[in-house]
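These values consider heavy atoms only, across backbone and side chains, with no hydrogens, waters or symmetry-generated copies.
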Amino acid sequence: MIMVEANDRYGCGNPVEGIKRLRQDRPDIEPFSLDEVMAIINGVRADYRNYFLVRFFTGMRTAEVHGLKWRFVDFERKQILVRESFHHGREEKLKTAGSMREVDMSTVVFDALTAQATRTRSSSPYVFCTRAGTPLDTKNVTDRVWYPLLNYLGLRRRRPYQCRHTAATLWLAAGENPEWIARQLGHVDTQMLFRVYSRYVPNLTRTDGSAFNQLLNARVGQPLNFHPKDDGGPNV
């Protein structure tokens with residue numbers, strides 16, 4: 001864009017015109033199954049249970065969860081207002097303009113934040129914090145809580161960021177509206193959603209035959225009779 005601007009202003013020619021962008025590989029997506037999620041929630045130490053409930057069931061980024069303050073938790077409307085992040089020891093702006101959003105709380109998330117309020121609301125502006133009231137450190141949580149827990153449960157070693165991917169795939173598999181999911185994740189449209197997560201979602205584009213398969217499975221235990229009824233109509 002700098003070269004384009006320079007050419008438009010001064011007519012110096014664009015030396016990078018015609019050069020194609022480097023191919024970008026798909027992000028490494030390794031979401032957890034719902035059974036694995038429940039094993040993690042039930043196995044994690046008590047002071048991190050609410051933290052991981054929020055991570056797994058809101059799709060928020062690590063820095064967004066660590067930067068979440070109580071003034072951005074709207075219990076009345078059951079929404080989390082994503083406005084800030086905390087990364088590398090300091091408050092930062094959000095990743096993109098679309099990252100500023102309202103995340104709807106499920107009942108599980110609402111209950112988790114209600115319980116967390118009794119722990120930290122009176123002692124820190126941050127929802128999830130250290131005993132001193134400061135924001136959580138990503139490396140500390142990863143090395144001292146996350147990886148030891150995965151090892152203990154016998155689960156494959158994956159980055160905590162996979163919690164975000166897990167939320168997306170669980171929403172899609174449950175049949176939630178892709179546009180709503182994109183808004184929850186902070187995407188400006190559904191393009192990335194379809195590109196990154198499509199292979200994890202049955203019947204996302206209605207081209208895999210699962211809708212028809214579901215229709216037939218609904219008749220399990222009932223004989224299929226293709227002989228016409230007395231009125232000439234099909235008896236299926």
Side-chain angles (χ1 to χ4, degrees), residues 21-45 48-68 80 82 85-88 94-96 98-99 101 103-106 108-109 112 128 136-208 210:
R21 292 174 178 267
L22 293 175
R23 190 186 74 175
Q24 291 183 323
D25 295 330
R26 287 186 177 184
D28 186 20
I29 305 300
E30 295 181 287
F32 293 88
S33 68
L34 185 55
D35 287 341
E36 290 175 327
V37 171
M38 296 314 301
I40 291 171
I41 296 301
N42 293 327
V44 73
R45 49 192 259 195
Y48 275 91
R49 187 172 188 271
N50 297 326
Y51 169 82
F52 281 110
L53 282 169
V54 170
R55 292 210 59 169
F56 273 118
F57 299 129
T58 65
M60 293 171 64
R61 299 178 177 92
T62 304
E64 294 171 346
V65 175
H66 290 186
L68 179 62
I80 297 172
V82 182
S85 66
F86 189 87
H87 190 55
H88 290 316
L94 297 174
K95 184 178 180 181
T96 64
S99 295
R101 64 197 187 279
V103 176
D104 296 328
M105 296 185 204
S106 63
V108 170
V109 171
F128 302 105
L136 297 177
D137 177 76
T138 301
K139 188 176 188 305
N140 186 56
V141 173
T142 301
D143 293 341
R144 298 187 63 182
V145 180
W146 177 251
Y147 285 142
L149 178 60
L150 294 187
N151 291 336
Y152 173 76
L153 296 173
L155 297 177
R156 188 169 71 258
R157 188 181 176 96
R158 281 167 276 186
R159 294 191 307 145
Y161 198 85
Q162 297 300 331
C163 295
R164 174 173 166 84
H165 297 317
T166 299
T169 55
L170 290 177
W171 281 331
L172 285 165
E176 295 289 0
N177 187 320
E179 293 184 358
W180 176 84
I181 298 173
R183 290 196 302 271
Q184 299 300 291
L185 295 173
H187 298 163
V188 294
D189 54 38
T190 59
Q191 181 178 357
M192 179 174 289
L193 193 73
F194 281 80
R195 178 173 62 85
V196 175
Y197 300 110
S198 60
R199 69 190 184 94
Y200 291 96
V201 185
N203 209 28
L204 178 61
T205 58
R206 299 293 180 185
T207 60
D208 61 358
S210 62

Item checked: Non-neighbouring partners of Tyr161 that pass side chain to side chain donor-acceptor pair (under 3.5 Å), sequence neighbours left out -> Arg164

Checklist line | Pairwise distance CD1(Ile29) to OG1(Thr166) - rounded to 0.5 angstrom | finding: 9.5 Å

Check: What pairs with Asn42 under side-chain contact (heavy atoms from CB on, under 4.5 Å), at least two apart in sequence or on another chain?
Finding: Met38, Arg49

Side-chain donor-acceptor contacts of residues 50-63 below 3.5 Å, not counting sequence neighbours, with atom names and distances?
unit_1 : atom_1 : unit_2 : atom_2 : d
Asn50  : ND2    : Gln116 : OE1    : 3.2
Tyr51  : OH     : Arg55  : NH1    : 3.0
Tyr51  : OH     : His66  : NE2    : 2.7
Arg55  : NH1    : Thr62  : OG1    : 3.4
Arg55  : NH2    : Thr62  : OG1    : 2.5
Arg55  : NH2    : Pro160 : O      : 3.4
Thr58  : OG1    : Val54  : O      : 2.6
Thr58  : OG1    : Met60  : N      : 3.3
Arg61  : NH1    : Glu64  : OE2    : 2.8
Arg61  : NH1    : Ser99  : OG     : 3.1

Note to self: With side chain to side chain contact (heavy atoms under 4.5 Å, CB included) as the criterion, how do His165 and Arg158 come out once you've worked through the C-alpha distance, each side chain's angles and the decisive distance to 0.1 Å?
What the structure shows: CA-CA 11 Å; His165 297 317; Arg158 281 167 276 186; over 6 Å; no

Item checked: Within residues 145-155 or reaching into it, pairs that qualify as side chain to side chain donor-acceptor pair (under 3.5 Å) - sequence neighbours excluded -> none

Notebook entry, point to check: Roughly how far apart are Ile41 CD1 and Phe32 CZ, rounded to 0.5 Å?
Noted result: 10.5 Å

Margin query: I'd like to know if the side chain of Gln184 and the backbone of Asp104 have a donor-acceptor N/O pair within less than 3.5 Å.
Written below: yes

Next item on the list: Go through the steps to decide whether Asn140 and Val145 satisfy the test side chain to side chain contact (heavy atoms under 4.5 Å, CB included), and finish with yes or no.
Entry: CA-CA 8 Å; Asn140 186 56; Val145 180; over 6 Å; no

Margin query: Which residues pass the side-chain contact (heavy atoms from CB on, under 4.5 Å) test with Asp189, not counting sequence neighbours?
Written below: Gln191

Checklist line | Pairs satisfying salt bridge (charged side-chain N to carboxylate O under 4.0 Å, His left out), at least one member in residues 142-157, at least two apart | finding: Glu30-Arg156, Lys139-Asp143

Next item on the list: With sequence neighbours left out, write down each residue that passes side-chain contact (heavy atoms from CB on, under 4.5 Å) with Ile181, or none if nothing qualifies.
Entry: Trp171, Leu172, Glu176, Leu185, Leu193

Checklist line | Within-4.5 Å side-chain heavy-atom neighbours: Val109 and Ile80 | finding: yes

Note to self: Using side chain to side chain contact (heavy atoms under 4.5 Å, CB included), reason through Tyr48 and Leu136 one step at a time and then give a plain yes or no.
What the structure shows: CA-CA 11 Å; Tyr48 275 91; Leu136 297 177; 3.9 Å; yes

Item checked: Sequence neighbours excluded, every pair satisfying salt bridge (charged side-chain N to carboxylate O under 4.0 Å, His left out) that has a member inside residues 165-175 -> none

